[in-house]
Structure formats: C-alpha cells, structure tokens
Amino acid sequence: LTWTNNPRGNSNNYRLINHDKNYKKGSQYIHVLVNGKDERFNPSADFFNQLSDADSLVILCKRKGFLGYEYVEEFKLPQ
C-alpha cells in the first residue's frame, strides 16, 4: 500500500518570516512565505530549538499525498 504518489518528494528553500512560542499552550510555530502567502507550521521541538533570530531561510521537504494535496514531511535549515 503506497500513501504517496511521489515517493521522492521535493525540497525547496522558503523565506522564514517568524518563529513564535505560545507559552500558555506550549505550542511552537514557524511562519513561512509559501507562494506569496504566510503559512503557519508546527514543527518538532528539535527543529524549533535549532532556529535562531539570524535564520531567514528554511527548507521544506514536501510530498504529494494520496489525495493530491502537498504536505511537509520534514523541516531543515540550509547548510
């Protein structure tokens, strides 16, 4: 059973707008400019803790799901 149409996916650089932490709820968010829109993501705590105020780019590793929608499989920082 295959859940993705594109097994290899694709990775692209995107502009990191902001990263926030909601201390009341314990949630961590990053805001990324995707196709001209501010998109909010909730990455893993490990990735979020790697971010600094100097970071301006993030790599989104995306795949197309079974229903044809793209989803982010992994977050990375450029080397």
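For the single chain, residues carry numbers from 1 onward in sequence order.
- Taking 4.0 Å as the cut-off between side-chain N and carboxylate O, E70 and K64 do not count as a salt-bridged pair.
- Side-chain contact between S56 and L16: absent, with no pair of heavy atoms (C-beta onward) separated by less than 4.5 Å.
- The closest donor-acceptor contact from the side chain of D55 to the backbone of S52 lies under 3.5 Å.
- Contact of the N13 side chain with the V58 side chain is not registered, since no non-hydrogen atoms from C-beta on lie closer than 4.5 Å.
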- Message: side-chain contact (heavy atoms from CB on, under 4.5 Å) for L77 and L51? Distances and angles first, verdict last.
- Response: CA-CA 8 Å; L77 289 173; L51 293 173; 3.6 Å; yes
- Item | Pair L60-V32, side-chain contact (heavy atoms from CB on, under 4.5 Å): steps then yes or no | CA-CA 9 Å; L60 301 182; V32 179; 4.2 Å; yes
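- For an aromatic pair to be called close, the ring centres must be under 6.0 Å apart, and F41 with Y29 fails this.
- In summary, the side chains of N22 and D20 do not present any donor paired with an acceptor at a separation below 3.5 Å, with no hydrogens or angles considered.
- Distance check: S44 OG to Q50 CD gives 7.5 Å after rounding to the nearest 0.5 Å.
- The minimum heavy-atom distance between P43 and Q28, with the atom names listed, is CD-O, 3.7 Å.
- Going from atom CG of N49 over to atom NZ of K21 covers 6.5 Å, rounded to the nearest 0.5 Å.
- Atom CZ of R63 and atom CD of E73 lie 4.0 Å apart (nearest 0.5 Å).
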- Task: For side-chain contact (heavy atoms from CB on, under 4.5 Å), just list the numbers for S11 and I59, CA-CA rounded to whole Å, side-chain angles, deciding distance to a tenth of an Å, and then say yes or no.
- Result: CA-CA 6 Å; S11 299; I59 299 172; 3.9 Å; yes
- Task: Dump the intermediate steps for side-chain contact (heavy atoms from CB on, under 4.5 Å) on Y14 and N12, then the final yes or no.
- Result: CA-CA 6 Å; Y14 292 91; N12 293 314; 3.6 Å; yes
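- Atoms CG and CZ, from N42 and F75 in turn, are 8.0 Å apart once rounded to the nearest 0.5 Å.
- Here F48 and H19 bring their ring centres to under 6.0 angstrom of each other.
- In the hydrophobic clustering of ILVMFWY residues, with side-chain heavy atoms under 4.5 Å counting as a link, V72 and V34 come out together.
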